[in-house]
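Below is one structure; the comments refer to it alone.
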Amino acid sequence: MEREKLETLWHSSSHVMADAVRQIFPNAKLGIGPAAREGFYYDFDVEKPFAAEDLEKIEKAMKEIVKKNYKFDRKEISKGEAEKQFAKEPYKLELIEGLEGQTISTYSHGAFTDLCRGPHVQSTGEIKAVKLLRTAGAYWRGSEKNKMLQRIYGISFPSEQELQEYLKKQKEIGERNHIKIGKDLDLFSIHVEAPGMPFFHDKGMIVLDEIVEFWKEEHRKRGYEIVTTPMILNKSLWLQSGHWDHYKDNMFFTEIEEQEFAVKPMNCPGGILIFSEKRHSYRELPIKMAELGIVHRNERSGVLNGLFRVRKFTQDDAHIYCTEAQLKDEIKKVIELTKVLYSAFGFNEYQVELSTKPEKAMGSDETWEHATKSLKAALNEMGIQFKVNPGEGAFYGPKIDFHIKDALERNWQCGTIQVDFSMPEKFDMYYIGEDDKKHRPVMIHRALLGSLERFFGVLLENYAGALPLWLSPVQAKVIALADRHSEYVEKIAAEMRAKGIRVETDVRNESVSKKVREAQMQKIPYILVAGDLEAGKNAATIRKRSGELEKEVPVQKFIERMLAEIKEKK
RNA sequence: GCCCAUGUAGUUCAGUGGUAGAACGUCACCUUGGUAAGGUGGAGGUCGGGGGUUCAAUCCCCCCCAUGGGCUCCA
């Protein structure tokens with residue numbers, strides 16, 4: 001069923017849910033109830049938050065309403081009539097107030113009427129399958145200054161089968177949660193002693209190191225310098241950069257010999273100190289300075305989420321200093337690099353957004369226009385589809401964001417390319433132009449993977465833990481059939497290790513099936529089993545992650561194959 | 001930060017107003033195996049932390065911490 005029709009069904013389902021809620025909780029005040037990204041929700045102002053049992057009751061009442069197969073009736077009414085009709089609904093009155101001059105319509109089914117633009121399905125009977133999923137608090141009109149209402153999320157389909165398929169898929173998705181994978185594969189852990197600051201174990205570090213090594217190579221190839229700046233810097237720097245005024249609430253502070261210092265939440269001020277340490281000629285531009293910068297941000301406790309949202313993370317940051325004339329081409333180069341990185345990690349689909357000048361902004365209109373045009377032109381010339389978010393840019397410049405989908409279909413901002421007019425001015429940065437005069441460079445901030453931590457999380461969910469060979473923390477496991485094969489197994493593992501392959505052995509006193517099963521659950525790409533058949537021939541039986549078997553493969557030949565596969569993938 | 005839920009063995013989870021149980025893992029022994037769990041036995045828990053109610057709290061109440069799902073905010 002196409003998206004549009006489903007959305008209509010979901011929207012209608014939210015009306016049915018509101019009807020059901022009102023039957024059970026007559027005093028519930030109605031907020032809004034649209035179709036969501038997947039399913040629908042409705043916000044209610046109730047005295048007590050809904051409990052799990054309430055959801056069951058509401059769902060049951062909904063099914064009754066569906067059974068009655070009420071027709072949806074649309075009616076257009078005047079603002080006065082609407083105010084009269086919804087006199088007991090404060091939130092609806094607020095909405096009506098905002099509809100000045102527009103057509104006001106209501107939809108009714110049975111005895112229930114809601115203020116609504118529509119459209120809706122013909123009748124409630126079209127909702128053949130419905131399930132209420134969870135409750136959540138949600139601020140009225142999305143502002144934390146407003147009252148928090150109680151939201152119920154649900155899903156519905158035109159058939160029971162589709163609902164069952166949906167639920168099954170959700171369950172599978174839940175199983176590829178990166179936190180669970182991280183624990184199962186011994187990649188990282190999170191402890192109460194450091195909320196939002198994950199601990200990476202050896203196997204997790206192997207993956208991160210591989211990512212970093214590849215990242216550095218691709219950057220060096222493209223003329224980036226790679227630097228590291230200190231994690232703690234004097235307050236004066238943050239005053240100058242403006243972070244003290246605008247970002248203080250998100251920063252951590254410390255003190256050294258009675259002087260105030262801040263733990264960096266961003267890398268740019270440090271990088272600028274390197275830039276400004278010496279004079280630069282226009283001939284040197286663009287200067288591209290990259291840093292895998294560890295930043296700390298004091299995120300509010302409620303937003304922390306596995307590796308997706310943390311307080312300490314590593315940005316694959318870089319700052320590009322160039323002339324306005326170079327801006328477009330530099331942005332194109334950054335986008336090209338983004339594509340190279342994403343595709344190397346298996347992401348070929350992502351959403352691109354362009355955010356333009358906000359109301360409060362610094363820099364002249366002309367500068368903004370030139371920068372925004374450059375960003376747009378770069379995207380267009382690269383043939384990249386994008387969505388424009390008017391007024392969503394940073395106060396210091398417009399930006400392009402890259403969003404990657406996680407297993408739960410949530411979009412996570414990873415890459416970001418931001419033009420900045422503010423920092424060069426605040427730090428009085430300049431280069432010497434052809435005319436022997438000082439000129440202000442344009443600064444581009446960019447992080448392509450975004451945060452290594454978040455990217456790692458998205459990567460794990462994308463592959464359900466079964467990372468490509470070159471990223472796998474353990475690339476091969478060699479299993480001994482019986483005790484007498486231990487020595488042989490250790491010997492071939494040593495040969496592989498000598499060639500740089502990450503290999504583990506399993507010579508435990510357990511059945512082959514069990515050892516294979518465990519290696520398989522660890523998502524190890526290649527499992528080698530050696531027994532009497534193989535030991536005499538310097539061979540092993542190979543099992544791929546897919547379960548496919550290849551008997552008595554000479555070890556040397558297999559090592560070459562693996563090395564070729566690792567190399568090719570990069 | 002706000003709303004809701006959760007926190008019990010290394011892991012996944014049962015459970016009860018009279019201080020705990022399973023499976024897997026771990027350890028020992030038996031078994032020496034041919035591609036997703038071989039068998040037997042043992043060890044292992046101040047039931048997230050702190051208060052309170054009670055003769056008695058892991059269970060009921062309050063506070064705190066953390067985690068998850070959302071809202072708001074963000075890479």
Side-chain angles (χ1 to χ4, degrees), chain A residues 36 41 43 46 48-52 54-55 133-153 174 177 179-180 183-184 186 190-196 247 249-250 265-266 293 295 297-311 313-317 394 401-404 408 410 412-416 418 445-455 457-458 479-486 508-522 527-534 541-544 547-552:
Chain A
Y41 65 81
D43 290 343
V46 280
K48 220 172 64 182
F50 298 108
D54 296 332
L55 287 199
L133 301 170
R134 57 180 171 270
T135 59
Y139 297 110
W140 167 238
R141 295 197 139 183
S143 168
E144 61 184 329
K145 292 193 183 91
N146 292 339
K147 185 164 184 186
M148 183 161 269
L149 306 181
Q150 293 303 317
R151 176 173 295 181
I152 302 177
Y153 282 95
N177 170 288
I179 301 166
K180 183 175 171 359
K183 193 177 269 184
D184 291 347
D186 194 17
I190 297 171
H191 302 263
V192 294
E193 288 82 356
Y247 210 70
D249 290 347
N250 283 297
M266 293 178 196
V295 295
R297 297 183 183 174
N298 191 4
E299 302 291 350
R300 297 155 103 186
S301 57
V303 308
L304 301 179
N305 177 320
L307 296 181
F308 285 160
R309 191 74 183 270
V310 292
R311 290 204 175 109
F313 59 101
T314 312
Q315 289 184 307
D316 66 317
D317 212 349
D401 290 326
F402 292 80
H403 298 252
I404 298 180
L408 288 165
R410 294 174 299 195
W412 287 99
Q413 185 182 327
C414 288
T416 182
Q418 310 184 350
H445 304 255
R446 42 115 292 190
L448 307 184
L449 307 180
S451 107
L452 294 188
E453 289 76 1
R454 175 179 292 178
F455 190 77
V458 176
I479 292 171
L481 189 80
D483 286 350
R484 63 180 180 279
H485 308 113
S486 300
R508 289 176 306 163
N509 179 11
E510 298 288 353
S511 68
V512 174
S513 297
K514 182 161 178 169
K515 289 188 272 197
V516 166
R517 177 175 190 265
E518 285 181 15
Q520 196 78 36
M521 289 201 305
Q522 286 291 307
I527 298 166
L528 285 70
V529 176
D532 293 333
L533 286 174
E534 293 86 359
T541 294
I542 315 290
R543 182 189 164 110
K544 287 197 201 165
E548 199 183 319
L549 286 187
E550 208 180 330
K551 294 202 171 139
E552 294 174 48

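Each chain gets a letter, A, B and so on, in the order its sequence line appears, and its residues count up from 1.
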Exercise for review: Rounded to the nearest angstrom, tell me the gap between atom CG in A:Leu304 and atom P in B:A66.
Suggested key: 9 Å
Study note, to complete from the structure: Considering only heavy side-chain atoms of A:Val303, the closest of B:C73, B:G69, B:A75 is B:C73
Exercise for review: Starting at the 5' end of nucleotides 35-44 of chain B, put B wherever the base has a protein heavy atom under 4.0 Å, S where only the sugar-phosphate does, and a dash everywhere else.
Suggested key: BBBS------
Practice item. Determine the Euclidean distance between corresponding C1' atoms of B:A36 and B:U40; express it in Å to zero decimal places. Key: 23 Å
Practice item. Whole angstrom is fine here: how far is it from NZ in A:Lys515 over to P in B:G25? Key: 14 Å
**Study point:** Spacing of the P atoms in B:U26 and B:C63 (rounded, Å)
**Key:** 43 Å
Review point. What integer distance in Å separates A:Leu55:CG from B:A5:C1'?
Key: 12 Å
Point to revise | Gap in Å between the two P atoms, one belonging to B:A5 and one to B:A9, rounded | key: 22 Å
Review point. Between A:Ser451 and A:Val192, which is nearer to the 5' end of RNA chain B once each is assigned its nearest nucleotide?
Key: A:Val192
Check your understanding: Checking all strands, does A:Arg151 fall into the base, sugar-phosphate, or nothing category for heavy-atom contacts under 4.0 angstrom?
Key -> sugar-phosphate
Practice item. Could you check which of B:U32, B:C74, B:G70 has an atom nearest any side-chain atom of A:Arg134? Key: B:G70
Review point. With both distances under 3.5 angstrom, what nucleotide forms a Watson-Crick or G-U wobble pair with B:U6?
Key: B:A66
Check your understanding: Can we say A:Asp532 and A:Arg484 salt-bridge, meaning some charged N sits less than 4.0 Å from an Asp/Glu carboxylate O?
Key -> yes
Review point. Can you tell me if the side-chain N/O atoms of A:Gln413 get under 4.0 Å from OP1 or OP2 in B:A75?
Key: yes
Practice item. Tell which nucleotide pairs with B:A22, taking only Watson-Crick or G-U wobble pairs whose two distances are both under 3.5 angstrom. Key: B:U12
Study note, to complete from the structure: Paired to B:G17 by Watson-Crick or G-U wobble criteria (both distances under 3.5 Å) is none
Exercise for review: Considering just the side-chain nitrogens and oxygens of A:Ser301, establish if one lies under 4.0 Å of OP1 or OP2 belonging to B:G1.
Suggested key: yes
**Study point:** A:Asn250 CG to A:Glu299 CD distance, which is reported to the nearest 0.5 Å
**Key:** 5.5 Å
Review point. What is the nucleic acid contact for A:Gly196, judged by heavy atoms within less than 4.0 Å: base, sugar-phosphate only, or nothing?
Key: sugar-phosphate
**Study point:** Same-atom distance (C1') from B:C61 to B:A23, integer angstrom
**Key:** 34 Å
Check your understanding: Roughly, in whole Å, what's the span from CG in A:Leu133 to C1' in B:C4?
Key -> 15 Å
Point to revise | Any-strand Watson-Crick or G-U partner of B:C74, both distances under 3.5 Å | key: none
Point to revise | Per A:Met148 side chain, nearest of listed nucleotides B:A75, B:U72, B:G70 | key: B:G70
Exercise for review: Indicate, with a heavy-atom threshold strictly under 4.0 Å, whether A:Gly531 touches base, sugar-phosphate, or nothing.
Suggested key: base
Check your understanding: Does any nucleotide pair with B:U53 by Watson-Crick or G-U wobble geometry, both distances under 3.5 Å, and what is it?
Key -> none
Practice item. Considering only NZ, NE, NH1 and NH2 on the basic side and carboxylate oxygens on the acidic side, decide whether A:Arg311 and A:Glu453 come within less than 4.0 Å. Key: no
Review point. For A:Arg300 and B:A66, what is the distance between atoms CZ and C1' respectively, to the nearest whole Å?
Key: 18 Å
Check your understanding: So how far is it from A:Phe313 CZ to A:Leu307 CG, rounded to the nearest 0.5 Å?
Key -> 12.5 Å
Exercise for review: Could you tell me whether the side chain of A:Cys414 reaches within less than 4.5 Å of the side chain of A:Leu449, counting heavy atoms only?
Suggested key: no
Practice item. Please determine if A:Glu548 and A:Arg543 form a salt bridge, counting it only when a charged side-chain N lies under 4.0 Å from a carboxylate O. Key: no
Check your understanding: In Å, rounded to the nearest 0.5 Å, how long is the span from CD1 of A:Ile527 to CD1 of A:Ile479?
Key -> 5.5 Å
**Study point:** pair A:Thr135-A:Arg151: side-chain heavy atoms closer than 4.5 Å
**Key:** no
Review point. If we take the P atom in both B:G70 and B:G38, what is their distance in whole Å?
Key: 38 Å
Point to revise | Among B:C74, B:G70, B:G1, the one nearest A:Tyr153 by side-chain distance | key: B:G70
**Study point:** Counter-base of B:G41, judged by Watson-Crick or G-U geometry with both distances under 3.5 Å
**Key:** B:C27
Review point. Which value, in whole Å, describes the distance between the C1' atoms of nucleotides B:G17 and B:C60?
Key: 8 Å
Review point. Any sub-3.5 Å donor-acceptor pair from A:Lys147's side-chain atoms to A:Trp140's backbone N or O?
Key: no
Practice item. For nucleotides B:U54 and B:A37, find the distance between their C1' atoms and express it as a whole number of Å. Key: 47 Å
**Study point:** Length of the line joining A:His403:NE2 and B:C74:P, which is rounded to integer Å
**Key:** 12 Å
Check your understanding: Can you find an N or O donor on one side and an acceptor on the other, under 3.5 Å apart, linking the side chain of A:Tyr139 with the base of B:G70?
Key -> no
Review point. Under 4.0 Å between a side-chain N or O of A:Asn305 and OP1 or OP2 of B:U67?
Key: no
Exercise for review: Under the salt bridge (Lys or Arg N to Asp or Glu O under 4.0 Å) rule, collect the residues that match up with A:Arg508, sequence neighbours excluded.
Suggested key: A:Asp506, A:Glu518
Check your understanding: Could you state the CG-P distance from A:Asp54 to B:A5, rounded to the nearest angstrom?
Key -> 11 Å
**Study point:** Among B:C74, B:G33, B:C3, the one nearest A:Asp483 by side-chain distance
**Key:** B:G33
Practice item. Assign A:Glu453 to base, sugar-phosphate, or nothing according to its heavy-atom contacts below 4.0 angstrom with the strands shown. Key: nothing
Practice item. Answer with base, sugar-phosphate or nothing: what part of the nucleic acid does A:Val295 contact at a heavy-atom distance below 4.0 Å? Key: nothing
Point to revise | Distance between C1' atoms of B:G18 and B:C47 (Å, rounded) | key: 16 Å
**Study point:** Minimum-distance nucleotide to A:Lys183 side chain [options: B:G1, B:U67, B:U12]
**Key:** B:U12
Check your understanding: If you look at every strand shown and take non-hydrogen atoms under 4.0 Å, does A:Arg508 touch a base, only sugar-phosphate, or nothing?
Key -> sugar-phosphate
Exercise for review: Write down the distance between CD (A:Glu193) and P (B:U67), rounded to a whole number of angstrom.
Suggested key: 11 Å
Check your understanding: Out of curiosity, A:Ile152 CD1 to A:Arg134 CZ, how far, rounded to the nearest 0.5 Å?
Key -> 12.0 Å
Exercise for review: Kindly say if A:Arg309 contacts the phosphate of B:G68, meaning a side-chain N or O under 4.0 Å from OP1 or OP2.
Suggested key: no
Review point. Toward the 5' end of RNA chain B, which comes first, A:Arg141 or A:Gly415, by nearest nucleotide?
Key: A:Arg141
